[in-house]
Amino acid sequence: MPTFTHGEVSIEVDEDGFMQEPEGWNEVVAHALASTEGVDDLTDEHWKVVNYLREYYLQFGVAPMIRKLCKETGFNLKRIYELFPSGPAKGACKVAGLPKPTGCV
Amino acid sequence: MASGNTQSPSARAVVEGFKNGLSRQTVLSLGACVHCGMCNDSCHYYLATGDPQMTPAAKTDKVRKLYKRHVDWLGRVAPAWVGGATLRTDEDLQALQDVVYGSCTMCRRCTLSCPFGVDTALIMRTARGLLTAQGFAPEGVKVVSKDQWEIGNQMGVSKEDYLETLDWLQDELRGDVGDPEAMIPIDKEGAHVLFLVNPREIKYAPMSLLAAAKIFYAAGEDWTMPSVGWDNTNFGLFSGDNKLGAHMGKLAYDQARKLGIGKVVISECGHGFRATKWEAPNWAKEDLPFPMESFLETMVEYVNTGRLTLDPTANPRPVTYHDPCNLARSAGITEEPRFLLKRSCLDFREMTPNRQENFCCTGGGGAMSMSEYAQRRLQVARVKADQIRATGAESVATACHNCIDGLSDLIKHYELKVPVRNVCEYVADALVLPAPAIARDALIPTGLRGKRVLVIDDDPDTVVYLTTLFEDQGLDTVSAHNAAEGMTAARTAQPDLITLDISMPGRSGADVFAKLRSDEVLARIPVVIVTGAIDFRELMYRRNVPPPDGYVAKPIDPELLLMTLRKVLEVRHREGVGSGEGAAV
């Protein structure tokens with residue numbers, strides 16, 4: 001299992017760079033993961049997306065539908081992709097410390 | 001032989017399944033390979049690594065040794081002589097899994113370069129099926145297969161979430177097209193089109209579905225989406241599990257039959273199209289009463305019949321197209337996406353090689369769901385990255401959701417910085433939406449409304465372009481593609497005006513013109529020459545017949561052409577019938 005190291009952060013990730021142990025996530029880890037996603041600075045808007053994904057995942061054990069993410073954060077699709085260029089599944093979920101979503105993504 | 005006693009139960013089951021379940025095509029592909037090496041350079045795994053173990057022949061040999069050992073007559077007598085060997089342990093099965101799942105995307109590029117047509121993907125799928133049945137498959141494939149079996153779609157989307165998402169997208173559609181009546185109909189009985197999608201479009205990336213809804217709206221299609229059986233993807237194709245393949249097919253087919261739809265249209269998903277249209281009817285042993293097509297084919301039909309008008313200036317930056325393996329190599333769909341992109345984008349650039357020869361996105365065969373092989377996938381993606389970089393394009397179009405994710409991953413890895421989108425998204429960008437009915441009618445000049453124009457041109461694209469242009473102006477159109485057809489149509493359709501191309505095969509347009517002008521009845525129909533052969537202009541006016549009523553050069557300036565038509569028809573209207581003096585422009 002690869003280890004991802006960035007500054008003080010050292011975490012176990014899968015081959016796609018997603019966290020293996022989501023419980024080890026914190027804000028410092030989020031910043032480290034964001035650097036791999038072309039997101040240099042996590043703004044309040046980023047945090048709104050990340051926090052919602054995290055809450056939903058801890059409650060239901062899966063990533064939410066894009067429809068729910070847009071509804072709960074108030075961002076439209078375009079804005080989500082501007083915030084996380086790799087999109088909600090591979091970009092935002094990774095920064096929020098979720099495991100890789102299943103399926104053809 | 002002695003192997004039986006020391007085999008693990010799983011290894012024994014795989015070997016027995018192999019011996020007893022080989023199809024004729026698989027046997028041919030296993031038996032025919034002579035290790036000539038012609039396939040080496042076709043495989044991106046080999047090209048990127050230079051590792052002889054990554055050649056298609058070497059990889060299929062891992063399965064072929066079973067054939068040599070257990071099926072081939074010589075191998076049964078003297079296995080070592082022909083390279084035969086069996087599987088004994090679970091470690092052997094894991095090693096085989098790493099080859100058939102982890103080092104081949106089943107893209108079939110090597111089959112094209114094989115003198116015997118050895119179908120590597122078929123060999124891989126056969127082995128995958130036997131391994132999967134024993135639980136030897138990547139975790140991601142297992143999870144997705146379970147969701148398809150239990151929930152009916154590969155991302156485990158509940159029916160409630162699915163319907164709520166469509167409702168939301170319907171709101172977005174209404175906002176985008178400015179029509180509060182625009183619909184994404186669900187389970188509409190007797191609809192002409194039943195649209196099936198990839199769950200990725202529902203769960204994470206609905207831009208392509210929104211684009212499709214816009215296109216259906218603009219074309220005035222009678223379409224619907226099903227409330228169940230909506231997932232066009234099929235992991236049975238990747239895992240070799242024909243039962244799952246049949247199950248997914250049946251979910252869609254049953255709903256299509258129940259709704260009594262006209263045809264099934266499959267959204268831009270390569271394997272989804274191949275599985276739903278070509279493979280699953282066989283797995284499910286179904287004889288289906290409705291046709292099935294790719295959304296690419298549907299869009300081409302809309303353009304050809306004038307139901308869509310596209311403005312390529314909407315996409316001015318250079319775009320290239322990536323041919324998905326399941327569409328180009330396995331289903332022969334190569335020209336439709338090019339037809340659409342050339343009409344939706346100003347600067348279309350081919351990738352080299354392309355069409356059937358294109359390299360895999362590196363995410364095929366379900367590879368995107370297999371994290372354990374992601375690093376190798378990205379390593380061998382260098383071939384694809386080089387290919388994209390060489391085009392100089394600023395964005396990549398493709399017609400497969402799996403390719404989008406495969407390409408996006410490698411683009412990030414190799415820092416190419418180009419976005420990847422579905423073909424229908426470029427088409428939706430370029431859509432010229434019909435103006436609301438009343439306003440549109442009011443805009444049509446009275447001189448043109450209801451008049452009939454006969455378009456004679458040997459270039460089908462020009463015919464479509466002109467008829468669409470004219471119909472948007474409220475004109476009625478008839479078209480002919482050569483001189484003979486043109487003469488017949490001039491007699492039967494009684495047009496108010498004819499647009500004529502002068503350089504056509506067979507009898508030239510100039511002769512057609514002279515003939516029209518000499519005919520007692522047809523002479524009174526005004527003729528506007530539309531041609532690229534500007535040098536012929538003089539010849540036309542030198543003939544011993546009244547000159548053309550108008551003359552417009554190609555490339556056509558639509559404003560100029562319409563103004564010419566309007567002048568000619570209005571002059572005619574004022575003067576009554578029969579003047580040869582028109583508005584030559």
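Reminder, nothing fancy here: chain letters follow the sequence lines and each chain counts from 1.
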*Tell me, side chain or backbone of B/Ile202 under 4.5 Å from chain A's heavy atoms, or both, or neither?*
both
_Among B/Pro206, B/Gly366, B/Pro199, B/Ala367, residue most engaged with chain A (heavy-atom pairs, under 4.5 Å)_ = B/Pro206
_For A/Pro64, which atoms come within 4.5 Å of any heavy atom of chain B: side chain, backbone, both, or neither?_
backbone
*Return the option, out of A/Pro101, A/Pro85, A/Pro2, with the maximum number of heavy-atom pairs under 4.5 Å with chain B.*
A/Pro101
Can you pull out all donor-acceptor pairs below 3.5 Å that join chain A and chain B?
| from | atom 1 | to | atom 2 | distance (Å) |
| --- | --- | --- | --- | --- |
| A/Asp14 | OD2 | B/Ser371 | OG | 3.3 |
| A/Glu15 | O | B/Gln375 | NE2 | 2.6 |
| A/Asp16 | OD1 | B/Arg377 | NH2 | 3.2 |
| A/Asp16 | OD2 | B/Ser371 | OG | 2.6 |
| A/Glu37 | OE1 | B/Lys412 | NZ | 3.2 |
| A/Glu37 | OE2 | B/Lys412 | NZ | 2.7 |
| A/Ala63 | O | B/Lys203 | NZ | 2.8 |
| A/Ile66 | N | B/Lys203 | O | 2.7 |
| A/Arg67 | NE | B/Glu164 | OE2 | 3.0 |
| A/Lys68 | NZ | B/Asp161 | OD1 | 2.6 |
| A/Lys68 | NZ | B/Asp161 | OD2 | 3.3 |
| A/Ser86 | OG | B/Lys412 | NZ | 3.1 |
| A/Lys90 | NZ | B/Asp409 | OD1 | 2.9 |
| A/Lys90 | NZ | B/Asp409 | OD2 | 3.1 |
| A/Lys100 | NZ | B/Met368 | O | 2.6 |
| A/Cys104 | N | B/Gln154 | OE1 | 2.9 |

*Can you name the residues that form a side-chain contact (heavy atoms from CB on, under 4.5 Å) with A/Ala32, not counting sequence neighbours?*
A/Phe4, A/His6, A/Val9
